[in-house]
Amino acid sequence: MTLILGIETSCDETSASLLEGEGDAVTLRSLVIHSQDVHRIYGGVVPEIASRAHMRAIVPVTASALREAGVEAGAIDAVAVTHAPGLIGALLVGVSYAKALAWSLDLPVVGVHHMEGHLFATSIEHEAAVPPFTALLVSGGHTLLLDVPRWGEYRQLGATRDDAAGEAFDKCAKLLGLPYPGGRHMEMLAAKAEGARFRFSRPMLRRDQQPGDPDYFDFSFSGIKTAVLLAVRQLEENGPLSNGDRAGIARAFQDAVVETLTAKVVRAATLHSRQRVVLGGGVACNSALQDSVRVACESIGAVMYAPTPRLATDNAAMIARAGLFRFEQGERAPLTLNAFATLPLPGTIAA
Ligand code: KG4
Ligand code: ZN
């Protein structure tokens with residue numbers, strides 16, 4: 001049994017968590033997430049403000065995670081920290097704090113790749129969300145379609161060629177006058193749409209695509225953003241958009257994104273004969289996406305697992321969980337552990 005402290009500061013959430021377990025049998029002891037609301041004013045994350053906010057929050061957030069779990073710092077066996085990818089200044093706060101804490105307590109440190117954290121998140125709540133499976137990671141910064149034969153071995157099938165799925169949600173939300181981050185607001189607006197008045201073409205999805213084609217698994221979301229912009233401009237020629245128009249556009253956008261993501265997940269699960277599909281990342285909160293993938297999975301005899309919102313969006317529990325795996329593999333980071341804005345997912349195997 002290992003009691004591991006996870007720390008996450010890659011973007012605009014300062015988070016700490018205690019997780020206990022061995023192999024795939026884990027118990028979440030605590031999870032504290034401090035979301036930096038300040039960025040709302042700017043309509044996006046301001047890196048320098050994020051770093052300073054992490055500096056203020058990291059000590060109290062970690063202290064609350066310990067308190068919530070009812071453990072003393074001395075009881076921890078290891079510290080796992082996100083060291084890439086993300087905003088460099090933000091990452092450095094978590095990495096420096098984790099190293100200092102671990103050094104003062106004479107504990108090992110494990111550096112965790114943020115996307116590997118998202119990959120592990122669902123397994124904290126769903127015992128069966130373990131390899132082999134097909135994974136769709138859809139966040140604000142990444143869109144990855146992976147085949148996962150076992151933990152630590154990731155076959156990257158597809159990725160976005162431009163905007164990430166969450167980024168597309170956020171940008172279209174902005175075009176419709178919704179607050180940042182817009183994904184959740186787009187989903188709520190889309191739910192109000194009556195009928196299908198608008199339709200956008202499915203980005204990078206065609207029936208004649210074949211396995212082996214470079215676009216069979218890849219995604220592209222920048223074109224649909226332009227389509228939304230043009231639709232908004234055209235409607236605005238006749239005056240301000242009605243609430244019905246805005247809802248209709250949000251719905252059409254969401255339908256196009258969801259249909260594309262679902263189709264490619266089905267292709268991946270079918271090609272690799274996987275019976276489980278795991279969703280991760282903030283966009284995995286979207287119920288239209290969950291419903292669509294769930295139904296599509298049922299039609300091919302597979303089961304979908306999605307995380308609850310707290311574990312789908314950025315959090316330290318997923319970092320502790322992925323860190324536990326890396327720790328059990330014998331990984332130990334030196335005190336020279338650094339932060340990186342970009343870094344390939346560790347364990348990537350040939351597609
Ligand atoms: O994984 P995450 O918390 O942060 C990153 O690692 O980027 O993902 C945040 C993204 C944002 O783009 C946000 O708009 C999106 O997840 N998101 C959603 C929903 N909830 C969050 N997108 C669509 N529908 C939602 N319900
Ligand atoms: Zn994330």
Side-chain angles (χ1 to χ4, degrees), residues 6-15 17 31 33-37 39-40 43-45 47 50 81-87 90-91 94 112-122 135-144 159-160 163-176 178-192 219 221-222 224-225 228 250-251 253-262 278-293 306-319 321-322 341-343 345:
I7 290 177
E8 157 66 38
T9 65
S10 69
C11 191
D12 57 348
E13 258 85 34
T14 315
S15 181
S17 167
L31 172 58
I33 306 171
H34 170 76
S35 293
Q36 304 175 358
D37 279 346
H39 306 289
R40 255 162 234 244
V45 179
V81 62
T82 310
H83 76 119
L87 300 170
L91 286 165
V112 174
H113 190 285
H114 182 80
M115 297 314 289
E116 190 172 37
H118 278 301
L119 194 62
F120 272 91
T122 310
L136 176 69
L137 301 182
V138 272
S139 70
H142 299 265
T143 306
L144 284 177
T160 183
D163 291 354
E167 189 179 358
F169 266 97
D170 295 341
K171 287 178 176 169
C172 290
K174 207 170 193 172
L175 292 173
L176 294 172
L178 297 169
Y180 174 87
R184 201 167 55 84
H185 300 281
M186 284 288 276
E187 179 176 358
M188 290 188 296
L189 185 58
K192 292 183 188 151
F219 305 97
F221 296 112
S222 72
I224 190 162
K225 185 182 61 188
V228 168
R251 171 71 191 272
F253 165 83
Q254 184 173 271
D255 283 352
V257 172
V258 164
E259 194 178 314
T260 304
L261 291 171
T262 305
V278 171
L279 301 185
V283 184
C285 294
N286 189 283
S287 344
L289 176 64
Q290 287 191 15
D291 293 346
S292 163
V293 175
T308 52
R310 215 159 72 110
L311 292 180
T313 51
D314 289 349
N315 70 84
M318 67 184 198
I319 302 306
R321 178 65 190 89
T342 59
L343 191 75
L345 188 65

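Order of listing sets the numbers, starting from 1, for every ligand and every atom in it.
- Nearest protein neighbour of atom 24 (N) of ligand 1, counting heavy atoms only, is N286 ND2, 3.0 Å.
- By the 4.0 Å heavy-atom criterion, G141 is counted among the residues contacting ligand 1.
- At a 3.5 angstrom cut-off on N or O pairs, G140 counts as close to ligand 1.
- By the 4.0 Å heavy-atom criterion, H114 is counted among the residues contacting ligand 1.
- Listing protein N, O or S atoms at distances below 2.8 Å from the Zn ion (ligand 2), with waters left out, gives H114 NE2, H118 NE2, D314 OD1.
- In this structure, of G182, G282, C285, the residue bringing a heavy atom nearest to atom 1 (O) of ligand 1 is G282.
- Here the protein heavy atom with the shortest distance to atom 13 (C) of ligand 1 is D170 OD1, 3.7 Å.
- Considering only non-hydrogen protein atoms, atom 3 (O) of ligand 1 sits nearest to D314 N, 3.0 Å.
- Protein heavy atom at the shortest distance from atom 18 (C) of ligand 1 is G183 CA, 3.5 Å.
- Atom CG of L137 sits about 10.5 Å away from atom CD of E116, to the nearest 0.5 Å.
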- Message: Is there a salt bridge (charged side-chain N to carboxylate O under 4.0 Å, His left out) between R251 and D255? Walk through the geometry before answering.
- Response: CA-CA 6 Å; R251 171 71 191 272; D255 283 352; 3.2 Å; yes
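- Between the CE atom in M318 and the OG1 atom in T313 there is a gap of 8.5 Å [rounded to 0.5 Å].
- Between L311 and L31, some side-chain heavy-atom pair lies under the 4.5 Å cut-off.
- A distance of 7.5 Å separates NE2 of H39 from SG of C11, quoted to the nearest 0.5 Å.
- M188 is not listed as a side-chain neighbour of K192, based on a closest heavy-atom distance of 4.5 Å or more.
- Checking side-chain atoms of S15 against main-chain N and O of A316 turns up a donor-acceptor pair under 3.5 Å.
- Residue-ligand proximity: H118 is placed with a non-hydrogen atom under 4.0 Å from ligand 1.
- Ring-plane geometry between H114 and H118 is classed as perpendicular, the angle between the planes exceeding 60 degrees on a 0 to 90 degree scale with a lower cut at 30.
- At a 3.5 angstrom cut-off on N or O pairs, F169 does not count as close to ligand 1.
- T14 has its side chain within reach of Q36: a pair of non-hydrogen atoms, C-beta onward, lies under 4.5 Å apart.
- The ligand atoms of ligand 1 that sit less than 4.0 angstrom from a heavy atom of G166 are 12 (O).
- Between T143 and L261 the shortest side-chain heavy-atom distance falls below 4.5 Å.
- For T82 and S10, the side-chain atoms include no donor-acceptor pair closer than 3.5 Å.
- Residue-ligand proximity, T313 to ligand 1, at heavy-atom distances under 4.0 Å covers atoms 3 (O).
- Nearest protein neighbour of atom 26 (N) of ligand 1, counting heavy atoms only, is E187 OE1, 2.8 Å.
- A ring-centre distance under 6.0 Å is found for F169 and F253.
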